[in-house]
S.K.: 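I have a structure here, written as structure tokens, and I will follow up with some questions on it.
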There are 2 protein chains.
Amino acid sequence: MPKSKTNHRKSHLGSRRQPEVSRAAILQAAVEEFARDGIAGARTDAIAHAAHVNKALLYYYFKDKEDLYQAVLDQVFSDLLEKIMRALAGPGSPQQRILAYAGAHFDYIAENQLYPRIVLGEMTRMRLGKPHSFGRITMRYFTPLFQKLAELLRDGQKTGEFRAVDPEQFVPSMIAVIVFYFNSAPIMKLMSGKDPFSPERLAVRRAAVLDFISAALFCPSAAGKGELK
Amino acid sequence: MPKSKTNHRKSHLGSRRQPEVSRAAILQAAVEEFARDGIAGARTDAIAHAAHVNKALLYYYFKDKEDLYQAVLDQVFSDLLEKIMRALAGPGSPQQRILAYAGAHFDYIAENQLYPRIVLGEMTRMRLGKPHSFGRITMRYFTPLFQKLAELLRDGQKTGEFRAVDPEQFVPSMIAVIVFYFNSAPIMKLMSGKDPFSPERLAVRRAAVLDFISAALFCPSAAGKGELK
DNA sequence: AGTATCTAACTAACCGGTTAATTAGTAATG
DNA sequence: CATTACTAATTAACCGGTTAGTTAGATACT
């Protein structure tokens, strides 16, 4: 692999003189490390090593561990929110749109299984009294999503497609059903032996999630109008 | 500072010559500390201080931090499982029994809000490939509960009360709805301003959970037979 | 074109505070 | 006096963060 005269053969070739490559590598490594053990358990040494970068470089690009963590959260949530909002803004009846949302949310997580770990971990970590470094994230990402979903639920209730559920209760329940599987997957694996992340199992789960939500939300009278396959 | 020979009230009065008191104090303090930040973030100093005990005493009763953590998990789960199993073993139709279970599970968590933090934290922490120190817990506590619930679901399907859901999919969904609220509570608080743990809000949530499960599971034909109040 | 200057990108080595764990012992009890 | 319960003091490792540089390329000047 001749690489012009200025060949610097260390082993961490991947990232010399390439700021955004290095920065992205750090961020990706940080996502994985933070997903594993949260901010407390994450090791800056491990992040640096995984990114094939010297540890000091973390502090070149980010103020400190907390700042890096915030950057990770921002990346995770902005990406997620963008995809979900697009699905929510699509055409169709409230039934079709809520299922489109749920499917998109599920699909996104299925492709990025680290993300719910970070989210749930962070939720679990933030206490009610404490100063909330997570508050920024809530305002910027959760609130818009929540309100859009609540609005959609009210729409469906107006058309008579949805049961008279309280959005403030229904939205978290729905998200729970979508997300929880990926966190409990290791236990399912232990119990069933099967790999919960295989394409077949994911397809089964996806269908089950949509069925669960449909049954819990749609009026019995007007059944079978959503896309269930 | 005169200090008669048998005078040992230093400040850690609570626990001299009282092995089980000390041990229990350590365990309770450990539950709270582990719930906050997981095993990685928990500080043995903090546990000892909260238990009004010298740190070395932790190592008198427990081999190391990991061992203490396992003891905490055992206490949490055995307690939870016992209460839930009792509710599951009660009398009544499958409809009534599944709602009794869900209500009991909800109530238990409402009273011990630290527990789902530990559980979810632990789920999040265990990776698919890694050696599973959590496997013991799974076998001892999760599997029996899961199988009992699956059995109940099949019972209800036989009597025609329940829809033809796949227990392997439905059980995790149901647990998700019951549990998730307590983990997302801090965010809900930020968004709504209201305290998600106030008795009124808990009652509302409890009703919503039972309604959600009822709607998702019970056959539309045979509605309104469970206890919904 | 060549070279001097400048700077962004990056690293090796280290530092001091923290933390899990140990040790060596003291005090109570039967 | 032997065993159980418990602690002060200590240690070794770890870990977040810093520092003092080096390297590679861009720009300026000749």
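Heavy atoms only: backbone and side chains are in, while hydrogens, waters and symmetry mates are out. Here the structure is a predicted model, which means the values were calculated and not measured. The sequence lines fix the lettering, A, B, ..., with proteins before strands; numbering per chain opens at 1.
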S.K.: The side chain of B:R43 is closest to which nucleotide in this list: D:dT7, D:dC15, C:dA20?
M.R.: C:dA20
S.K.: Send over the distance from A:D45 CG to D:dA13 C1', rounded to a whole Å.
M.R.: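 From A:D45 CG to D:dA13 C1': 13 Å.
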S.K.: Nearest to the side chain of A:Y61, which nucleotide is it out of C:dT11, C:dA21, C:dC10?
M.R.: C:dC10
S.K.: Among the nucleotides C:dC10, C:dT22, D:dG17, which one has an atom lying closest to any side-chain atom of A:K65?
M.R.: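 Among C:dC10, C:dT22, D:dG17, the one nearest the side chain of A:K65 is D:dG17.
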S.K.: Starting at atom NZ of A:K55, determine the distance to atom C1' of D:dA20, rounded to an integer number of angstrom.
M.R.: 16 Å
S.K.: Find the distance A:E66:CD to D:dG17:P and express it as a whole number of Å.
M.R.: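 Taking atom P of D:dG17 as the reference, CD of A:E66 is at 10 Å.
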S.K.: Please give, in whole Å, the distance from C:dA21 P to B:I47 CD1?
M.R.: 11 Å
S.K.: Using OP1 and OP2 only, check whether a side-chain N or O of A:T44 sits under 4.0 Å from D:dG16.
M.R.: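 Yes, such a contact exists.
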S.K.: Between C:dT22 atom C1' and B:Y59 atom OH, what is the distance in whole Å?
M.R.: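 Checked: the OH to C1' distance equals 10 Å.
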S.K.: The side chain of B:D64 is closest to which nucleotide in this list: C:dC10, C:dA21, D:dT18?
M.R.: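 Output: C:dA21.
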S.K.: How many whole angstroms separate atom CG of B:L57 from atom P of D:dA8?
M.R.: 11 Å
S.K.: Regarding A:A46, tell me which of base, sugar-phosphate or nothing describes its non-hydrogen contacts under 4.0 Å with the strands shown.
M.R.: nothing
S.K.: Would you say B:Y141 and B:D74 make side-chain contact, with heavy atoms under 4.5 Å?
M.R.: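 In contact.
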S.K.: Between A:I118 and A:L114, is any pair of side-chain heavy atoms under 4.5 Å apart?
M.R.: no
S.K.: Rounding to a whole Å, what distance do you find between B:L58:CG and C:dA21:P?
M.R.: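 Result: 10 Å.
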S.K.: Does the base of C:dA12 carry an N or O that pairs as donor and acceptor with the side chain of A:N54 under 3.5 Å?
M.R.: yes
S.K.: Output the rounded distance in Å from CD (A:E20) to C1' (C:dC10).
M.R.: 15 Å
S.K.: Between B:F180 and A:F180, is the gap from one ring center to the other below 6.0 Å?
M.R.: no
S.K.: Across the strands shown, which category fits B:A42 at heavy-atom distances under 4.0 angstrom: base, sugar-phosphate, nothing?
M.R.: sugar-phosphate
S.K.: What I'd like to find out is whether the side chain of A:F182 reaches to under 4.5 Å of the side chain of A:L202, using heavy atoms alone.
M.R.: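 Counting from C-beta outward, A:F182 and A:L202 do come under 4.5 Å.
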S.K.: Under 4.0 Å from OP1 or OP2 of D:dA5: is there any side-chain N or O of B:Y60 that close?
M.R.: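 Yes, B:Y60 has a side-chain N/O under 4.0 Å of OP1/OP2 on D:dA5.
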S.K.: Between A:S22 and C:dC10, does any side-chain N or O lie under 4.0 Å from OP1 or OP2?
M.R.: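 Yes, such a contact exists.
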S.K.: Quick one about A:Y108 and A:D79 (side-chain donor to acceptor, distance below 3.5 Å, no hydrogens or angles considered), yes or no?
M.R.: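 Result is yes, a qualifying pair exists.
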